[in-house]
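Below is one structure, written out as structure tokens; comments come after it.
Letters go in sequence order (proteins before strands), and every chain restarts at 1.
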Amino acid sequence: MLCRPMSEVNNLTAVRLEKRTALLGRGVPAYGAAFPVTGDVGEVRAGFVEGGKVTMAGRVTARRDMGKSHFLDLSDHSGRMQVYLQDKALGEEVVAVYGLLDIGDFVGVEGECFTTKTGEPSIKAEKFVFLGKSLHPLPEKWHGLQDVEARHRQRYLDLIANEHARNIFRQRFAIIREIRAFFEERGFLEVETPMMQAVAGGAAATPFETHHNALGMDLFLRIAPELYLKRLLVGGFTKVFELNRNFRNEGVSRRHNPEFTMLEAYWAYADFDMMATLVEELVCRVAQKVCGGLKIEHNDQEGMVRRTIDLSRPWRRAKYRDLVEEAEPGWFARDVSGRRNRALELGLDISHCVEDYEVTQHVFEKLVEEKTIDPCFVIHCPKELVPLAKTNPEDPSSLDVFELIINGQEIAPGYSELNDPVVQRERLVEQSGGEQHKIDEEFLHALEYGMPPAGGMGMGIDRLVMLLTGAESIREVILFPHLKPRAEA
RNA sequence: GGGUUGGUAGCUCAAUGGUAGAGCAGCGCCCUUUUAAGGCGUUGGUUGUGGGUUCGAGUCCCACCCGACCCA
């Protein structure tokens, strides 16, 4: 029932169209022009002074008519304010216009602040104008908009009807603002690098493809900004970050949207350990500012606390091997087939695991990652898992990297970035599986000029927002998540 | 891709295989301090789409569309 053509309007819309026509027939603009206001609805409420004059506009979200006096609720993102209208005060002509009002219309009022006998701060309207007629009824006033599909397809209705949704997005954009402030304070430069790339590098994922007509070349939407940010280290920048969209042409799920927001930061002369501290400080600052503390509570639908995540520092740092050994003692003492058998005994599905390290990784995911709720930096992961990091000088089978786990999920990886162009080329060739066109030669060429040692980190912002708001699905934290179009829409 | 599950009025939800209903919204009337205002009356449906079974299908079966959850 979405986006129906005007020819298929139902009765409710037809009635509203008639009211629109009636307004215009009376010479009353149904879609008014500029209407300078004292402030947003919430600001007017906050600045309420008995007897004070205010001008306010908003959407009518409730009306209570009582013969010759009327109460309206005007709302916007910031809140709700009651307006009181008296027929006697408005005059015959405005009363007739008021009769053409529907819930959902935008109106403007001017009047005096007063408190009703029930104690409700209100505006006694002296002036009443239409600013925007609504042709469709709003979702039900008490239950709001419940239908998940409609909430995502028509997010504007979700935002009108559901305060919870408004709060999540307010928090999302506060989080992003705080991230920028954090890096700014530490002297990092926010940069922009190409979203359209000739080679989609920096991660292992299927890219979206497009074509540049004038240049006659195929391009890919980036799957990561990493290889360009490193070019900036070559160019002499020492602290850079980018906070913007990545695109991956893969499945859509509770945790995946085809376009998602990624933070990447690179810090010359630092390493993975310094980056871990940076991430720790970043997340704590954001949580402190946006959530008001370091204990993050996730609630169930009844509002009961389902889980508490404690972000208090210092966060645990533990080696990958030690965590696996802790969860499954004796794991590394077994031989390859011993590990396979033990994984099967543990009830793990390892049928698709070819390599030994994959079996271990499966044990890690099920027995460590999924059970780690409070923050933990998993350090020195096996080198098969990460192609762009430096090997640990003390243990060549592992890397100088961390993977931050919070709430059973990977939140942020960080590396001591590989800056040896010869080793980097070997790794990329290995990763490309022999497909030359998947290797970013220009990046390797840049690296050959010399890149300083550096620490790097990445963080999926959508997942961070989920973590901090308790949202169960990525669609709850993305304003307009991708959904299949409806057949008739 | 596989499994489970859902789609009924504008919205929120009902309805043993047997006349598709309620609340809100809407429409009409009453009401000058209400706030899920109230009172009386009333309109509104190709039950996601297309087939099938049946005397009879919102309900059972098949296919498809669009979601949700779990798994890969």
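Using a 4.0 Å cut-off, no side-chain N or O of A:Lys484 falls inside it from OP1 or OP2 of B:rG48. Taking only side-chain nitrogens and oxygens, A:Arg64 never comes nearer than 4.0 Å to OP1 or OP2 of B:rC31. Contact annotation: A:Arg153 side-chain N/O to B:rG67 OP1/OP2 distance is under 4.0 Å. At least one side-chain nitrogen or oxygen of A:Arg475 sits closer than 4.0 Å to the OP1 or OP2 atom of B:rC69. Checking the phosphate oxygens (OP1, OP2) of B:rU35, no side-chain nitrogen or oxygen of A:Lys117 falls inside 4.0 Å. In this structure, A:Lys68 does not reach the B:rC31 phosphate: none of its side-chain N or O atoms is under 4.0 Å from OP1 or OP2.
Under 3.5 Å, the side chain of A:Glu120 and the base of B:rU34 form no donor-acceptor pair of N or O atoms.
Along RNA chain B, the nucleotide nearest A:His152 and the nucleotide nearest A:His143 are compared for position; the residue whose nucleotide lies closer to the 5' end is A:His143. In terms of position along RNA chain B, the nucleotide closest to A:Leu138 lies nearer the 5' end than the nucleotide closest to the other residue of the pair A:Leu138 and A:His362.
Nucleotides B:rA22 and B:rA15 place their P atoms 15 Å apart, quoted to the nearest Å. Nucleotides B:rG48 and B:rG10, compared at atom P, are 13 Å apart to the nearest Å. Comparing B:rC31 with B:rG39, their C1' atoms sit 9 Å apart, to the nearest whole Å. Here the separation of B:rG56 from B:rU19, taken at their C1' atoms, is 12 Å to the nearest Å. Straight-line distance between the C1' atoms of B:rU16 and B:rC11: roughly 28 Å, to the nearest whole Å. Only the P atoms considered, B:rC61 is 16 Å distant from B:rU54, to the nearest whole Å. Nucleotides B:rG7 and B:rA14, compared at atom P, are 9 Å apart to the nearest Å. Atom name C1', nucleotides B:rA57 and B:rG52: the rounded distance is 11 Å, in whole Å.
Nucleotide B:rU32 forms no Watson-Crick or G-U wobble pair with any nucleotide shown, as no partner meets the under 3.5 Å limit on both distances. Pairing for B:rG17 is absent, with no Watson-Crick or G-U wobble pair whose two atom distances lie under 3.5 Å. Pair assignment for B:rU53: none, as no Watson-Crick or G-U wobble contacts are both less than 3.5 Å. Nucleotide B:rA68 forms a pair with B:rU4, judged by Watson-Crick or G-U wobble geometry with both contacts under 3.5 Å. The base-pairing partner of B:rU42, taking Watson-Crick or G-U wobble contacts with both distances under 3.5 Å, is B:rG26.
Taking 4.5 Å as the limit, every side-chain heavy atom of A:Arg316 sits out of range of all side-chain heavy atoms of A:Thr372.
Per the geometry, CG belonging to A:Leu85 stands 17 Å off P belonging to B:rU35, to the nearest Å. One interatomic measurement links the two molecules: CE of A:Met66 to C1' of B:rU34, which rounds to 5 Å at whole-angstrom precision. We find that CD1 of A:Ile350 is positioned 15 Å from C1' of B:rA72, with the value rounded to whole Å. Note: CG (A:Asn11) to P (B:rU42) measures 18 Å, nearest angstrom. A:Asp87 places its CG atom 11 Å from the P atom of B:rC31, with the value rounded to the nearest Å. At whole-Å resolution of the value, OH in A:Tyr84 and P in B:rC31 are 15 Å apart. The nearest whole Å value for the distance from the CG atom in A:Leu145 to the P atom in B:rG67 is 16 Å. With rounding to whole Å, A:Glu149 atom CD is found 10 Å from B:rG48 atom C1'.
When heavy atoms are screened at a 4.0 angstrom cut-off, A:Arg254 is found touching the sugar-phosphate backbone but no base atom. When heavy atoms are screened at a 4.0 angstrom cut-off, A:Asp73 is found touching no nucleic acid atom at all. A:Leu483 comes within 4.0 angstrom of sugar-phosphate atoms only, judged by non-hydrogen atoms across all strands, and of no base.
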Candidate pair A:Arg222 and A:Met196, rule side-chain contact (heavy atoms from CB on, under 4.5 Å), full reasoning | CA-CA 6 Å; A:Arg222 74 176 180 196; A:Met196 297 165 79; over 6 Å; no
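Among the nucleotides B:rU32, B:rC11, B:rA25, the one closest to the side chain of A:Gln86 is B:rU32. For A:Thr116, the listed nucleotide lying nearest its side chain is B:rU33; candidates were B:rA36, B:rU33, B:rG26. Of all nucleotides listed (B:rA25, B:rU12, B:rA68), B:rU12 comes nearest to the side chain of A:Gln146. Closest to the A:Glu140 side chain, of the nucleotides B:rA37, B:rU34, B:rU12, is B:rU12. For A:Ile103, counting side-chain heavy atoms from C-beta on, the closest listed nucleotide (B:rG26, B:rC11, B:rU32) is B:rG26. Comparing atom distances between the A:Thr118 side chain and each of B:rC24, B:rU35, B:rC69 picks out B:rU35 as nearest. Taking the side chain of A:Phe114 as heavy atoms from C-beta on, and the options B:rC66, B:rU33, B:rA68, the nearest nucleotide is B:rU33. Of the candidate nucleotides B:rA25, B:rU33, B:rG44, B:rU33 has the atom lying nearest to any side-chain atom of A:Lys124. In this structure, the nucleotide among B:rU32, B:rC70, B:rA37 sitting nearest to the side chain of A:Ser69 is B:rU32.
For the atom pair A:Asn407 CG and A:Arg463 CZ, the distance stands at 11.5 Å (nearest 0.5 Å).
In this structure, A:Lys124 satisfies the cation-pi test against A:Phe114, with its NZ or CZ atom closer than 6.0 Å to the six-membered ring centre and inside 45 degrees of the ring normal. A cation-pi contact, defined as under 6.0 Å to the ring centre and within 45° of the axis, is absent between A:Arg248 and A:Phe260.
Of the possible polar contacts, one joining the A:Asn257 side chain to the A:Glu259 backbone as a donor-acceptor pair under 3.5 Å is found.
Between A:Asp73 and A:Arg63 there is no salt bridge, since none of the side-chain N atoms of the basic residue sits less than 4.0 Å from a carboxylate O of the acidic one.
Ring planes of A:His70 and A:Tyr98: tilted class, angle from 30 to 60°. A:Phe377 and A:Phe402 have perpendicular rings, their planes meeting at more than 60° on a 0 to 90° scale where under 30° would count as parallel.
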